[in-house]
Amino acid sequence: MSYAYLFKYIIIGDTGVGKSCLLLQFTDKRFQPVHDLTIGVEFGARMITIDGKQIKLQIWDTAGQEAFRSITRSYYRGAAGALLVYDITRRDTFNHLTTWLEDARQHSNSNMVIMLIGNKSDLESRREVKKEEGEAFAREHGLVFMETSAKTAANVEEAFINTAREIYEKIQEGVFDINNEANGIKLGPQHLPSNANTPSGGASASQGGSCC
Amino acid sequence: MDYFFGFKSVISQPDAEPSPADTVLRLVERVTSSTLLEDRRDACRAIKALSKKYRLEVGAHGLDALIAVLVSDPDLETSSFVLETLCNVTSSEVFDEEGVGAPVGEQFTEIFLKKPENVISVITLLDEYDFHVRLPAIRLLMNLLNNKSKEMQEIILACPMGVAKLIDILSDSRDFVRNEALLLLIQLTKSNANIQNIIAYERGFDQLFKVVASEGYSDGGIVVDDSLQLMLNLLKRNASNQTVFREESCMKEITPFFRSCQPSESDPGHSWSTQKISNVHSMLQVVRTLVSPANATQVVSPAQKNVFGCGLLSELCALLMSPGVPADILSEIICTVGESIRGCRRNQEFFGQVMASSSPPRTALIVLLMSMVNEKQPVPLRAAVLYCFECFLYKNDVSQGQIIQALLPTSTEAMQNISAGQLLCGGLFSTDCLSHWLSSVALSHALVGNSNNKELLLRVHLAIAKDVAPVSLLQQAFNILQMGGKLQTRLGILTLLSTWLADSSNSVAQFLKLQNAIAFLTALVASNEHDDQEVLVQSLCAFLLGLCVVYNNDSNSNFSKESLCQLITKRIGVETFVDKLAEIAKHEVYSKALKHPQIRINTAADIQFDHEFCRLYKALENVIAKAVAPPTSPKGAESPSESELKAVAKYKDVIREQDGQIQHLRQRLAALEGDHIAAQSKIEELNVNLHHLQDQNTLLKAQRNNNVIIDESEPSSQSESSTEKLMKELEALRLDNERLQGQLEQQQSAKDLAMPVNGGIGLAVEFASTQSASIMDSFTTHEDVQVCSFFRPESSANTVDLELKTVRSRLDAMETELAETKHCLSVSIAENAELKEEIERVKKDQEDLLVLLADQDGKVQKYKDRLKTLGQTVSDDEDDELDDLGEDDEELSS
């Protein structure tokens with residue numbers, strides 16, 4: 001369970017675009033066609049490997065409804081990455097992206113990696129937003145773009161991992177201050193001079209305590 | 001300013017001391033109108049000084065002005081005064097200076113909260129590091145929160161950085177500031193899951209563990225307790241945060257906390273301070289919140305694994321066995337250990353092997369059970385041991401078996417070591433009624449859901465005294481019941497018997513064999529005592545009697561199902577029986593016990609039901625009532641209950657089966673639907689593909705018709721069309737050829753004409769004809785090629801193309817040659833014309849000459865005639881000659 005880094009993500013976007021389903025597909029590899037509305041936030045975690053390093057992703061799935069918008073704002077600050085999701089079969093969810101992005105930029109730290117996700121790519125026949133439009137929006141606002149399907153799992157894995165890779169690269173470039181955990185990045189236990197995970201080591205008790 | 005101030009006061013209050021309201025008013029005016037920073041600051045300071053004693057006045061007149069200063073004034077000192085004033089104004093306590101008065105803090109809070117921006121400006125002031133500002137700001141928020149908790153929670157939630165800023169203060173290096181923030185957060189997180197989640201998200205657990213560690217774990221002061229209270233708030237009934245807690249591996253931070261509880265080497269006998277007790281108690285609550293049976297299984301079992309994995313369980317067990325732990329903490333530890341192992345095999349095994357440091361060596365379990373049956377131990381501790389023991393046996397048939405096995409006569413060697421079962425049986429014989437209850441309930445847990453053990457326990461015999469033959473445990477239990485005794489003894493035994501007989505027809509048969517068993521039960525149920533406690537016993541007896549009916553295998557003819565039912569109908573009356581049966585459920589202890597497995601008794605006299613027994617009762621109460629109730633139709637009086645029961649059981653089975661089938665079919669349906677959708681989308685996709693390909697096809701065809709683009713994917717149609725094309729070209733060439741031939745013929749005729757005049761033309765024509773012949777030749781070869789390609793359409797179209805190209809080039813060459821020939825022809829025609837012209841000229845000359853000759857002839861004739869006249873003879877010869885000449889001329893002219 002040890003990891004080199006821990007990244008905190010948030011998933012944002014209008015209600016019903018499939019945020020919770022994306023999370024469920026990523027963490028549990030399953031699709032739940034009927035899902036209750038997310039109240040407040042939900043939480044999921046998974047380990048991935050980038051560059052041979054174990055990276056733990058902690059993902060906070062926010063509620064898309066307007067009523068919870070102010071709560072969602074509280075989550076921007078501590079996140080290293082955000083998945084901004086819209087539904088390709090609902091034009092209005094695409095139109096609201098600007099509002100979401102403004103919100104995110106205003107309340108997050110400037111280095112937060114935002115990935116634009118056009119979800120429900122399996123519903124090609126009901127498509128209302130062209131892929132090119134999503135690409136154009138992403139280009140214009142400097143986001144990474146991807147179309148996914150939480151139902152068929154297409155690109156879901158990639159969306160989360162590519163975001164992580166981007167964050168990882170930013171760390172390598174020294175853009176992120178990894179010692180400030182408020183940025184949504186935490187160094188793994190092996191980076192710390194810790195010996196606290198030996199349960200029977202009674203002698204090291206005081207030492208293990210002080211390092212925490 | 002002061003001058004005016006004084007002036008005003010002189011005018012308005014000429015003869016008296018200014019009233020407090022006036023003073024406040026004046027100060028407020030100063031605050032609002034003053035332009036000087038110092039002046040404003042002084043006024044605020046003065047208002048602050050008055051704000052306790054004249055709270056009502058300050059609040060009523062000054063609130064708006066103070067808020068305005070708060071929002072706009074950049075001066076920290078002023079802000080500090082304003083915040084402190086607001087603290088006083090909104091405080092819920094009544095100050096001594098104030099004297100007796102209605103608490104107005106809440107009303108002012110209400111006014112203050114009318115504008116959420118006010119709260120936001122206070123939160124913004126938290127950014128100031130100066131504690132003169134930060135501290136009163138926290139206190140003000142605290143007051144507001146105390147007075148209007150819900151509203152404040154909403155406002156702070158709506159403020160984007162609100163909660164985050166408060167958490168940041170937890171890492172303030174100044175303890176007194178941090179501690180205030182801690183108290184504020186405790187208040188803020190009360191029953192608001194959203195705020196709890198944000199705090200967990202903002203690494204709240206981490207921060208709290210840092211505080212706990214820096215304060216010295218269990219030996220720390222009240223701050224440790226506060227931190228743990230906040231942690232409890234974050235975790236209680238919040239599954240999401242419990243997951244976060246686990247995911248962030250916070251569990252291992254708890255281990256050092258309990259390690260710090262171990263008595264130090266230097267001072268082993270040191271007793272715990274009240275604070276330490278409180279700290280440890282809170283931390284135990286944290287652990288129990290995570291592993292509580294009230295949580296969902298999918299949350300509990302990973303948490304239990306975690307407790308084991310990070311060494312917490314072994315630490316707790318070590319603490320359990322270490323001296324000096326206060327009794328109430330010990331009970332709590334026992335419960336915590338119990339919940340940590342409940343239903344988790346790995347943890348149960350670990351616990352079963354924990355040894356106590358006693359001589360002779362005993363397992364911790366035995367030591368605990370010994371204290372359970374020891375009436376000198378505190379009651380809550382004994383109840384905790386029972387709870388822990390139940391947790392140990394919960395869903396653990398191996399340990400259940402071991403407990404019973406140890407009681408069997410075969411394992412006599414084991415008798416030297418005291419076993420858990422022996423301790424429990426011993427408990428049944430003790431003089432303490434609580435021991436009876438605890439032991440019998442504990443024993444009953446070895447039987448829960450384990451029919452094998454129920455059979456085995458029937459074989460257990462006890463030697464009560466040395467010279468008396470051993471009696472069976474069942475007999476002994478019944479004997480105790482018969483002897484009467486205290487309520488708890490009887491409740492315990494009845495619990496044990498009920499669990500024993502339920503779902504075990506052998507046990508029922510054995511029980512029915514006991515002398516007086518049924519008579520005793522019937523008598524008790526039928527008795528008319530209305531004592532509260534007695535009613536409970538009657539109810540339990542009715543339940544036991546009912547079990548004898550339901551699980552009767554009719555092996556005992558005296559007490560077959562039928563006869564028992566008749567007995568109940570005759571001796572008790574069905575209605576009375578059912579009423580008595582229902583009594584248990586009416587007791588308040590029942591519903592409590594049903595809710596949570598933990599046993600909570602504080603004094604030996606407390607009545608308590610066992611959780612598992614209550615579940616059993618709940619499941620079987622209706623079954624018994626139906627089994628005993630008289631049939632509705634008189635015909636089926638023989639054994640309606642039995643057939644009904646069977647039918648019900650059958651139907652239940654059928655329903656269960658169908659349910660399973662439905663479930664299965666539903667799943668299949670879902671899967672198939674999914675497949676169907678996938679297939680549909682695939683078909684759609686393929687259709688689109690097909691359309692696309694067709695379009696491409698037409699496009700290619702069109703392209704090929706234009707440019708003869710060779711598409712290798714369709715060789716036949718391609719060759720066909722290329723042949724067509726070639727044919728067309730051939731036709732064109734033929735036409736060309738014909739045209740050329742026509743031209744040639746023309747030229748040939750022209751040549752025939754010109755031949756006599758100029759031989760050069762003949763040469764040119766010769767050349768042209770050979771050219772045309774070669775053209776013809778090339779056509780034949782070309783045709784050959786075409787025929788070939790026509791018959792072998794798959795043969796490389798490139799050859800055809802190549803051939804076509806060569807033909808074309810040859811045609812070009814021929815055309816140029818033709819042009820050359822044409823040129824030659826025109827040259828020869830020109831020459832021809834020239835020659836004609838010459839001929840013409842010659843003819844003309846000749847005519848001229850003829851005319852001249854005729855003239856001469858005339859002259860000659862004239863001269864002849866003159867000569868003749870002159871008399872000269874002219875010879876005829878000369879005449880003839882002249883005539884001949886004329887004839888010749890005539891011939892020529894013709």
Side-chain angles (χ1 to χ4, degrees), chain A residues 1-3 6 8 10 31 33 39-46 56-63 68-79 103 106-108 122-125 149 151-152 181-182 184 186 188-189 194 196-202 204-212, chain B residues 154 156-165 167-168 192-203 206-207 209-210 212-214 216-217 239-241 243-244 246-249 252-253 255-257 259-260 262 308-315 318 670 673-674 677-678 680-681 684-685 688:
Chain A
M1 284 297 276
S2 69
Y3 51 83
L6 183 148
K8 278 189 186 177
I10 50 172
F31 177 70
I39 308 292
V41 286
E42 276 165 24
F43 170 79
R46 212 188 105 180
K56 186 164 194 166
L57 299 184
Q58 274 190 357
I59 305 144
W60 306 73
D61 171 26
T62 64
F68 294 103
R69 192 63 72 85
S70 62
I71 296 170
T72 304
R73 287 195 189 104
S74 302
Y75 286 84
Y76 289 119
R77 185 182 83 149
D103 239 18
Q106 189 188 342
H107 297 111
S108 69
D122 52 300
L123 300 174
E124 191 56 52
S125 55
S149 165
K151 190 174 180 181
T152 67
E181 285 181 18
K186 192 177 169 184
S194 164
N197 43 9
T198 48
S200 54
S204 66
S206 57
Q207 203 185 343
S210 63
C211 83
C212 297
Chain B
E154 291 310 314
I156 291 180
L157 254 183
C159 174
M161 292 297 183
V163 180
K165 274 181 184 154
I167 299 164
D168 286 349
N192 188 318
N194 284 324
I195 295 179
Q196 292 164 4
N197 288 346
I198 294 174
I199 293 179
Y201 175 78
E202 290 281 353
R203 299 159 294 116
D206 247 26
Q207 303 269 30
F209 276 116
K210 271 181 197 156
V212 170
S214 70
Y217 295 112
S240 168
N241 273 1
T243 317
V244 173
R246 210 173 55 241
E247 281 295 336
E248 297 202 322
S249 349
K252 67 169 190 284
E253 310 284 343
T255 318
F257 182 93
R259 209 171 283 149
S260 74
Q262 289 285 359
F308 178 78
C310 67
L312 183 55
L313 186 58
S314 69
E315 204 59 57
E673 263 176 358
I677 287 164
Q680 202 104 45
S681 68
E684 244 167 65
E685 202 179 300
V688 169

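Just so it is clear: chains get the letters A, B, ... in the order the sequence lines come, proteins before strands, and each one is counted from 1.
- At a threshold of 4.0 Å, the pair A:K186-B:E248 does not count as salt-bridged, since none of the basic side-chain nitrogens sits closer than that to a carboxylate oxygen.
- For the atom pair B:E247 CD and A:K56 NZ, the distance stands at 4.0 Å (nearest 0.5 Å).
- Nearest approach of B:E202 to A:S74, heavy atoms of both residues: OE2-O, 3.7 Å.
- The structure places OG1 of A:T62 at 12.0 Å from CG of B:N197, a figure rounded to the nearest 0.5 Å.
- Here the straight-line distance linking atom CD of A:Q58 with atom OG1 of B:T243 works out to 11.0 Å at 0.5 Å rounding.
- Proximity to chain B (any heavy atom under 4.5 Å) is shown, for A:Q106, by neither the backbone nor the side chain.
- Only the side chain of B:I677 has a heavy atom closer than 4.5 Å to any heavy atom of chain A.
- Proximity to chain A (any heavy atom under 4.5 Å) is shown, for B:S681, by neither the backbone nor the side chain.
- B:R203 CZ to A:L6 CG: the interatomic distance, rounded to the nearest 0.5 Å, is 11.0 Å.
- Between B:I167 atom CD1 and A:R77 atom CZ the span is 7.0 Å, to the nearest 0.5 Å.
- Evaluation of the side chain to side chain donor-acceptor pair (under 3.5 Å) rule for B:D206 yields no partner, not counting sequence neighbours.
- Across all their heavy atoms, B:S240 and A:F43 have their closest contact at OG-CB, 3.9 Å.
- The nearest pair of heavy atoms linking B:E684 to A:S125 is OE1-CB, 3.7 Å.
- Residue contact with chain A, scored on non-hydrogen atoms closer than 4.5 Å, involves the backbone and the side chain of B:V244 alike.
- Listed here is the closest heavy atom pair of A:H107 and B:M161: O-CE, 3.3 Å.
- Using a distance-only test at 3.5 Å, with no hydrogens or angles considered, a donor-acceptor pair links the side chain of B:Y201 to the main chain of A:A79.
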